[in-house]
Peer 1: 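Quick one: the structure is below, questions incoming.
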Amino acid sequence: MGTKLMAVRVETELWDAAVRRAELLGTSVSEIVRGALREAVDPSPLGERIGRLRGSIQTELADATEDRWQSEIRAHNWRS
């Protein structure tokens, strides 16, 4: 696979955040940028991309909040 060189101007704060993330993950800033760009141009639906996260957080508070949201959505849903 060939590669292309891309120069991009970013705010100092964004650069610093990318450097911190790269250090935290033990990788390069280039890899952080490539990953972000891959996600930005991924044509698959958001539901497919985040489907693996479903059910990864299980708390009573999350369940109560979801129930409250579901009730509000149902109460204001013109299709129901």
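On a predicted model such as this, the values are computed, not experimentally measured, just so you know.
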Peer 1: With Ser44, which residues qualify under side-chain hydrogen bond (donor to acceptor under 3.5 Å, both in side chains), at least two apart?
Peer 2: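 Ser44: side-chain hydrogen bond (donor to acceptor under 3.5 Å, both in side chains) contacts with Asp42.
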Peer 1: I need the full list of salt bridge (Lys or Arg N to Asp or Glu O under 4.0 Å) pairs touching residues 4-28, with sequence neighbours left out, sorted by first then second residue.
Peer 2: none
Peer 1: Any chance you could pull the hydrophobic cluster mates of Leu25, using side-chain heavy atoms under 4.5 angstrom and chaining through other members?
Peer 2: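 In the cluster with Leu25 are Ile32.
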Peer 1: How is the hydrophobic cluster of Val29 composed, in terms of its other members, when Ile, Leu, Val, Met, Phe, Trp and Tyr link through side-chain heavy atoms under 4.5 Å apart, directly or indirectly?
Peer 2: Met6, Val8, Val10, Leu14, Trp15, Val19, Val33, Leu37, Val41
Peer 1: Report the residues that fulfil salt bridge (charged side-chain N to carboxylate O under 4.0 Å, His left out) with Glu31, sequence neighbours left out, ordered by chain and then residue number.
Peer 2: Arg34, Arg38
